[in-house]
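To start, the structure itself, in structure tokens.
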Number of protein chains: 2
Amino acid sequence: MSLTTASRVFADHPSVRPATRDRVLAAADDLGYVVNALAQAMMGLGRRTVAFVAAHMIGSTFADMAAGAESVATAEGNLFLLSTTGEDPARERDLMETLREYRPAAVLLAGSTQTGEEFEQRAVAYAEALAAVGARLVLVGHPACPGSKSILSVDYDQVGGVRRAVEHLVTGGHRRIAFLGLIPERTTPAERLRGYELGLQDAGLPVDPSLVIECANDSDGARVAALSLLSRPDRPTALVCLTDGVAVGVYRAARSLGLAIPGDVAIVGFDDAPIVADLTPALTTIRVPFWEVGVHGARVALGLEEYDGHVQLPTELIVRESSP
Amino acid sequence: MSLTTASRVFADHPSVRPATRDRVLAAADDLGYVVNALAQAMMGLGRRTVAFVAAHMIGSTFADMAAGAESVATAEGNLFLLSTTGEDPARERDLMETLREYRPAAVLLAGSTQTGEEFEQRAVAYAEALAAVGARLVLVGHPACPGSKSILSVDYDQVGGVRRAVEHLVTGGHRRIAFLGLIPERTTPAERLRGYELGLQDAGLPVDPSLVIECANDSDGARVAALSLLSRPDRPTALVCLTDGVAVGVYRAARSLGLAIPGDVAIVGFDDAPIVADLTPALTTIRVPFWEVGVHGARVALGLEEYDGHVQLPTELIVRESSP
DNA sequence: TTGTAAGCGTTATCAT
DNA sequence: ATGATAACGCTTACAA
């Protein structure tokens with residue numbers, strides 16, 4: 001009944017006589033003993049840990065990604081750590097250090113960031129710091145970093161999604177199509193705007209800067225912005241919205257102006273959030289496989305999946321009643 | 001430059017000369033060194049860990065509770081572990097053991113369970129097992145266990161919420177009020193049904209069992225059930241729904257039957273999920289402070305908050321257009 | 001102010 | 001089949 005023997009019992013080693021085995025198990029049960037996984041982990045043994053870091057945990061998009069990642073991590077008996085930065089780079093940096101101290105298998109960094117090299121450099125620094133403790137960094141729901149091929153990422157086709165939406169609106173006869181919800185210098189709005197521009201370009205239509213509207217990414221910010229946009233004499237006949245939440249704000253604005261959807265103005269959202277199919281009229285939107293993004297992120301993180309640096313999942317235009 | 005000195009530097013011990021301190025820091029920075037938090041944790045030092053366990057991570061209810069708990073845990077520099085059981089008691093038990101191995105400060109067990117003593121006994125067993133490793137168990141979004149006062153819980157007033165909803169419908173003149181979405185032997189449906197019964201009782205109305213309808217807790221299950229309920233010659237004039245998701249199913253059923261809401265049938269939901277205020281008509285529902293439930297759960301878990309065994313947060317009836 | 005030595009709970013190695 | 005010992009990376013008396 002030595003420590004070694006006990007250890008062997010819990011590790012299911014074959015070389016331990018059933019009798020002693022039972023004796024150990026009985027004693028353990030008696031004392032309420034469970035192995036100290038921290039001691040195991042300290043030696044690089046035992047379960048692995050996957051961390052998920054996002055700016056916020058609000059809305060179904062991040063929650064779905066996190067849930068997808070969690071399902072993969074937990075399914076294999078690993079641990080899943082969740083933390084938010086509140087959009088604060090300093091907190092993000094601190095968090096990254098803290099996580100490094102826990103020797104995770106991987107850190108998934110989720111969501112939109114500032115565009116440009118500053119973030120990319122930060123990400124490279126994170127990736128290197130994590131690599132120094134044997135951990136991987138995987139960007140999820142974030143476009144690939146073209147500069148640094150070493151940064152793994154799992155993304156979804158935002159550009160293509162909006163591009164198809166614009167194509168759909170053009171096919172429906174629309175020529176004055178606005179984009180609502182721009183947030184400057186952020187990757188997700190930038191990608192979706194790019195899809196809008198490419199969609200117009202495909203149709204040989206010019207990009208009219210007065211139809212690209214900046215507003216907060218919430219229903220009320222969108223409502224206010226839409227109110228002014230839709231009050232213009234030359235108002236657009238169709239609106240592509242950054243998110244479904246923005247689209248909801250547009251619904252409210254249209255209603256208060258007495259405009260019919262899609263008769264007076266067609267609306268397209270993005271994300272396919274729950275319930276938007278039950279709005280009146282049902283919202284046309286772009287469905288994003290957020291759960292799967294999380295799943296693939298975790299799989300890449302744990303080395304369960306082939307990856308060539310970047311995975312991009314398809315999005316799907318869901319045509320409902322709010323567009324022709 | 002011994003290990004001890006280095007340790008002192010990272011622990012911000014005062015008794016270390018600035019010169020050596022800098023030397024250590026420089027060396028650390030050079031090597032990309034960070035303390036091994038697992039070694040610290042093994043000795044019961046360093047950050048604490050809060051675990052959150054739910055059956056699923058789908059929908060905004062669990063996600064909001066988890067997010068609230070995460071915000072508290074992370075704010076204090078602790079770690080937040082998230083895991084799901086998939087509603088499988090065996091997985092739940094395994095998970096509890098696994099978590100125990102990691103010596104968390106507390107485990108939050110979230111959501112509805114089977115009613116009755118079986119769960120209560122399980123919870124007591126969990127609580128004891130966790131206590132043996134210095135961890136607390138806190139039930140969140142689950143009614144208090146009357147039998148075992150030792151089990152901490154943070155809940156919200158489901159009974160009162162539905163009771164007020166019924167009162168509101170009665171005040172609006174309704175007499176035939178149905179309850180849709182019963183799932184037998186589960187705490188959350190049981191609580192909400194109890195609120196329905198009490199509401200009727202308050203008004204001196206009998207509980208008509210033929211108006212208490214069982215169905216799956218999703219829009220489509222509800223749609224099918226509502227279709228048959230609303231096709232009855234003596235159909236109810238108002239429906240209290242287990243959740244907003246169920247209410248959405250009822251909306252679809254009413255629409256396909258050509259029934260007006262609230263003209264032909266009034267609807268009340270539960271949860272105040274995002275966007276339900278933007279349905280047509282806007283859904284009357286009961287708002288639940290899920291985020292706050294998570295917050296209080298984590299606070300109780302970490303001993304940051306006075307508790308006398310059970311905390312119950314209020315719910316709020318939000319009257320919108322779907323009810324008189 | 002700094003260093004030495006012991007101990008935390010494991011597991012791997014090498015006996016026995 | 002079992003046990004003793006070293007090692008993992010850290011902290012904390014206790015010395016120096």
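Below, read A as the first sequence line, B as the second, and so on, with proteins coming before strands; counting in each chain starts at 1.
Taking every heavy atom of both residues into account, B/Val300 and B/Leu152 meet most closely at CG1-CD2, 3.7 Å.
Counting non-hydrogen atoms of other residues, nucleotides and ligands closer than 6.0 Å to CD of A/Glu97 gives a total above 12.
Using a 4.0 Å cut-off on heavy atoms, the residues of residues 42-49 of chain A that approach DNA chain C are A/Met42, A/Met43, A/Leu45, listed by number. Within a heavy-atom distance below 4.0 Å of DNA chain C, no residue of residues 24-39 of chain B is found.
The aromatic rings of B/His142 and B/Phe119 are tilted relative to each other, their planes meeting at an angle between 30° and 60°.
Atom CZ in B/Arg21 sits about 16 Å away from atom P in C/dG3, given to the nearest Å. The distance from atom NE2 of B/His13 to atom C1' of C/dT1 is 13 Å, rounded to the nearest whole Å. Between A/Phe10 atom CZ and C/dT10 atom C1' there is a gap of 12 Å when expressed in whole angstrom units.
Axis angle between the ends of the helix from C/dT1-D/dA16 to C/dT16-D/dA1, five pairs each and rounded to 10 degrees, works out to 40°.
Electrostatic pairing of A/Arg299 and A/Glu306 does not count as a salt bridge here, judged by no charged N lying under 4.0 Å from a carboxylate O. Here B/Glu76 does not pair with B/Arg48 in a salt bridge; the nearest charged N to carboxylate O distance is not below 4.0 Å.
Considering only side-chain N and O atoms, A/Gln40 lies under 4.0 angstrom from the phosphate OP1 or OP2 of C/dT11. Side-chain nitrogen and oxygen atoms of A/Ser7 include at least one within less than 4.0 Å of the OP1 or OP2 phosphate oxygen of C/dT11.
Under the 4.5 Å side-chain criterion, counting only non-hydrogen atoms from C-beta, A/Phe80 is not in contact with B/Leu81. Residues B/Pro89 and B/Arg122 have side chains in contact (heavy-atom distance under 4.5 Å, counting atoms from C-beta outward). Annotation: side chain of B/Leu302 is in contact with side chain of B/Val50 (closest heavy-atom distance under 4.5 Å).
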Heteroatom pairs (N/O) under 3.5 angstrom, protein to nucleotides 3-6 of chain D:
from: D/dG3; atom 1: OP1; to: A/Met1; atom 2: N; distance (Å): 2.6
from: D/dG3; atom 1: OP2; to: A/Met1; atom 2: N; distance (Å): 2.8
from: D/dG3; atom 1: OP2; to: A/Ser2; atom 2: N; distance (Å): 3.0
from: D/dG3; atom 1: OP2; to: A/Thr5; atom 2: OG1; distance (Å): 2.6
from: D/dG3; atom 1: N7; to: A/Arg8; atom 2: NH2; distance (Å): 2.6
from: D/dG3; atom 1: O6; to: A/Arg8; atom 2: NH1; distance (Å): 3.4
from: D/dG3; atom 1: O6; to: A/Arg8; atom 2: NH2; distance (Å): 3.1
from: D/dA4; atom 1: N7; to: A/Thr4; atom 2: OG1; distance (Å): 3.3
from: D/dA4; atom 1: N6; to: A/Thr4; atom 2: OG1; distance (Å): 2.9

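Taking the six-membered ring for Trp and the full ring otherwise, B/Phe290 and B/Tyr156 have centroids separated by under 6.0 Å.
Donor-acceptor pairing under 3.5 Å is recorded for the side chains of A/Arg47 and B/Thr98.
With sequence neighbours left out, B/His310 forms a ring pair (Phe, Tyr, Trp, His ring centres under 6.0 Å) with no residue at all.
Between the CD atom of A/Gln312 and the CG atom of A/Asp155 there is a distance of 5.5 Å, given to the nearest 0.5 Å.
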Ignoring hydrogens and angles, write down the donor-acceptor pairs under 3.5 Å from the side chains of residues 8-17 of chain A, residues two or more places apart or on other chains.
none

